[in-house]
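Quick note on labels: first sequence line is chain A, next is B, and so on, each numbered from 1. Computed over heavy atoms, backbone and side chain alike; hydrogens, waters and symmetry mates excluded.
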Amino acid sequence: MVISQVPRTILWQFLWKTSNILYLRKELRIVGQLEGCLASLPRQLNLCGRPLRLMNEEAHFLLKNNYCELLSCSDLASPPTKQSADNFKEIQNRAFEEQRLLVKEEKMQQILRAGEKILEGKRRKLNKEAAKSGNEPPPLTLEQAVDEEIRRIPELTQANALVQIFTEHPVLDCEKLAPISWDYPSSENDKIRATVYGDLWAKGFYITGGEKFGGDFLVYPGDPVRFHAKYIAICLPFEGLLTPFQIAVHARVAVSVNKKVLLCTVNSDSRVIYKYLEWLDAKREKMSQETIK
Amino acid sequence: MSDILPPPKEKASNKWTKLHPQLPILEETQTGAKYCFVKLSAVYHGGRVIIEDQDNIDTLFYKGYFGKGTLSRGEPSYDKTKEAYTSSRYEFKEVTDLNPYNPIPDNGKEGEAYGDLNIDRIISKNTSILSALVTSSDKIKESSNSYEDTQHVDFDQGETFFDDNAPKVTETLELMPEEAFFLKYSFNCLDVYDHNENLSIKCLWDLFSEQDPRFPLRYVAYHYYRSKGWVVKSGLIFGGDFALYKDGPPHYHSTYIILVKDADDQGLSWIELSAHVRVSETIAKALIICEIVRKEDRNLSLSELRDCQVRELFIKRWMPSKHNSEDSGHEDAVR
């Protein structure tokens, strides 16, 4: 069975920088979806980490309103130059050096803090040896004991060092940044969705993807962390046919998850029209009519 | 275990006795031979096939559960309950001011109803709804020669009038086009009259195909499942083409929802499919997509009915969290 193919687009809408992700959510009401694996919680999909994936409509919105720019870096298409590779190795070496010194420093601090205990332990050991051999135990000062321990600190090896996995290029030495265009929206459906998204955003809603409930968008009156979705938005072409099956399916899903179906379309004047689907249960209506009396 | 088709579930109130035979082919006679072939008649009116005669209604419904009572939810029970069943209605309403601060109220008087659709009446017709939504004061109306307008008594709230001269309201049985054609084509036990003309099989096929372009595909699926012994009824309430019952609605809950699809067709988009899966999960029925493979690449005609092949696909939602061997302990985490 063939499911309708998703048109091939440039997949650029992944955000790695936390500051960007938070800015988008707090200032611009763009929610997106986290799709990456959390290192501390692997092999599950309930809690995901970065990158944040933007919907096509969200990405289009950002571009259109100049909140972001789409650039291509032609250097990324070819393997790194020797210069870049050397730069990167330099960064890694520097990181290792810093770690080495820090580890040593911390170990030294630990020893100094436990200086008295170390001294006591060493004295006891010397006394025991002296008692066995019958000699006088040699004198031992705090400085001597501590110095001895410090000399015994192992060196940090590459195998034990922490390695940073970058989520951003540490040295962007790309000189050939050029703006690039994106061919979204191209199909009629995409255009309608993009327009509806823009209109809903302008009204002040938070909008996420609605695939879970068989719709195009989920519309929230506030941040999704604090509110449940109010509407399942379904975008339809202006001159289309709506079959009874579609009505039944959408209405049923919405009723079972306590949301309303919002039918959205864009007319010839580029105005967005909203209708909502109300399911009137025969029994409820009868009961409500009786209570009115 | 959860990947196999779920079996039919018997209803707790399964006290109806199953009538034999279970198809309206033979009936007992008082005179002469013990059995004779059944011959029923129906009227084709305004796109619907209607059985008027009370005995015919009983035969058709109780032997094989064909059709639906026009004033009832399923079984023609108007005579017993004396209450016309007004099925659930869907209304389209305009949103005057969509904003996050004032949600649309439930069952509110918000906006003006653009017209309500009695879902039970739309069985196989597609309705161009959106263009109707735009014109401000049109109401979507059934054809004015609606069969029931001639007999309909207004059930207005408040007082009931007992008028002996008022036309008596009787309930009729309405058949799906697929059901009517099946009875005519397979058993020849139903005659469909259109203005006193007995329609032939070919006539009936052309008539139904013209009314609903999907009729040939749906009919193949209907015939296929009926031949296997399932009781096939309309699945519109579940958002599918058909609903399959073992032995019939009074005995078993419907087990499967069938979506009929042409094998060459693109099919549903992911979003629509997820809506169907979601609904079938909510109502605890399995979703089956029935693909019809045609030999020729043009509209299915009557003669090609035998050459069709049927492919069935069982669709179920797979949730990775339920199949993990490791319990991450975060099943109820943030959604």
Side-chain angles (χ1 to χ4, degrees), chain A residues 1-6 41 43-47 200 203-206 210-216 220-222 225 230-231 236-253 256-257 260 262-263 265 267 273-282 284-285 288-289 293, chain B residues 85-95 98-101 103-104 107 111 114 116-117 119 122 125-131 133-134 157 236-241 261 266-276 278-279 282-283 289 291 313 320-321 324 326 328 330-335:
Chain A
M1 180 173 80
V2 173
I3 310 270
S4 304
Q5 303 290 344
V6 174
L41 287 172
R43 291 184 294 279
Q44 51 83 29
L45 286 174
N46 289 319
L47 212 54
L200 284 171
K203 291 195 188 314
F205 291 105
Y206 282 71
E211 302 85 26
K212 269 184 280 189
F213 299 115
D216 285 310
Y220 298 77
V225 159
K230 261 287 181 210
Y231 313 114
L236 299 163
F238 191 60
E239 300 281 337
L241 284 182
L242 192 63
T243 66
F245 301 109
Q246 284 175 288
I247 301 172
V249 150
H250 290 309
R252 262 201 111 105
V253 170
S256 68
V257 294
K260 287 196 163 61
L262 200 66
L263 299 166
T265 188
N267 72 359
I273 302 175
Y274 300 104
K275 300 275 188 288
Y276 72 101
L277 200 56
E278 185 140 16
W279 184 53
L280 296 171
D281 195 358
R284 263 200 294 168
E285 208 180 78
S288 70
Q289 277 183 346
K293 282 186 215 165
Chain B
Y85 174 79
T86 40
S87 55
S88 313
R89 294 200 316 275
Y90 295 97
E91 286 192 6
F92 290 93
K93 290 186 177 174
E94 163 108 63
V95 187
L98 184 67
N99 66 71
Y101 313 107
I104 297 170
N107 282 344
Y114 267 70
D116 46 86
L117 306 164
I119 280 287
I122 303 175
K125 274 194 271 196
N126 288 346
T127 322
S128 172
I129 289 169
L130 277 178
S131 42
L133 287 178
V134 177
Q157 59 268 42
L236 186 56
I237 17 175
F238 307 123
D241 279 300
K261 176 194 161 297
Q266 269 280 317
L268 299 165
S269 66
W270 277 114
I271 298 177
E272 282 180 334
L273 187 65
S274 81
H276 284 283
R278 188 107 198 184
V279 170
T282 313
I283 54 183
I289 295 193
E291 281 194 323
L313 286 158
S321 55
N324 273 345
E326 265 177 58
S328 68
H330 283 269
E331 261 92 33
D332 303 328
V334 176
R335 269 171 226 281

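- Between Pro100(B) and Lys203(A), the shortest heavy-atom distance links the atoms CD-O, 3.1 Å.
- To the nearest 0.5 Å, atom CG of residue Leu268(B) and atom CZ of residue Phe245(A) are 11.5 Å apart.
- Taking all atoms of both residues into account, the shortest heavy-atom contact from Ala275(B) to Val253(A) is O-CG2, 3.6 Å.
- Here the straight-line distance linking atom CG of Leu98(B) with atom CZ of Phe205(A) works out to 4.0 Å at 0.5 Å rounding.
- Closest approach of Glu211(A) and Ser274(B) over heavy atoms only: O-OG, 2.7 Å.
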Requested in this report: Step by step, work out the side chain to side chain contact (heavy atoms under 4.5 Å, CB included) result for Ile237(B) and Arg252(A).
Outcome: CA-CA 9 Å; Ile237(B) 17 175; Arg252(A) 262 201 111 105; 4.3 Å; yes
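- Heavy atoms only, all atoms of each residue included: Gln246(A) and Glu272(B) are closest at NE2-OE2, 3.3 Å.
- Ile271(B) and Gly215(A) make their closest contact through CG2-O, 3.2 Å (heavy atoms, listed as atom of the first residue, atom of the second, distance).
- Within the 4.5 angstrom heavy-atom criterion, atoms from both the backbone and the side chain of Phe238(B) approach chain A.
- When all heavy atoms of Val249(A) and Gly239(B) are compared, the pair lying nearest together is CG2-CA, 3.4 Å.
- With a 4.5 angstrom heavy-atom cutoff, Tyr231(A) touches chain B only via side-chain atoms.
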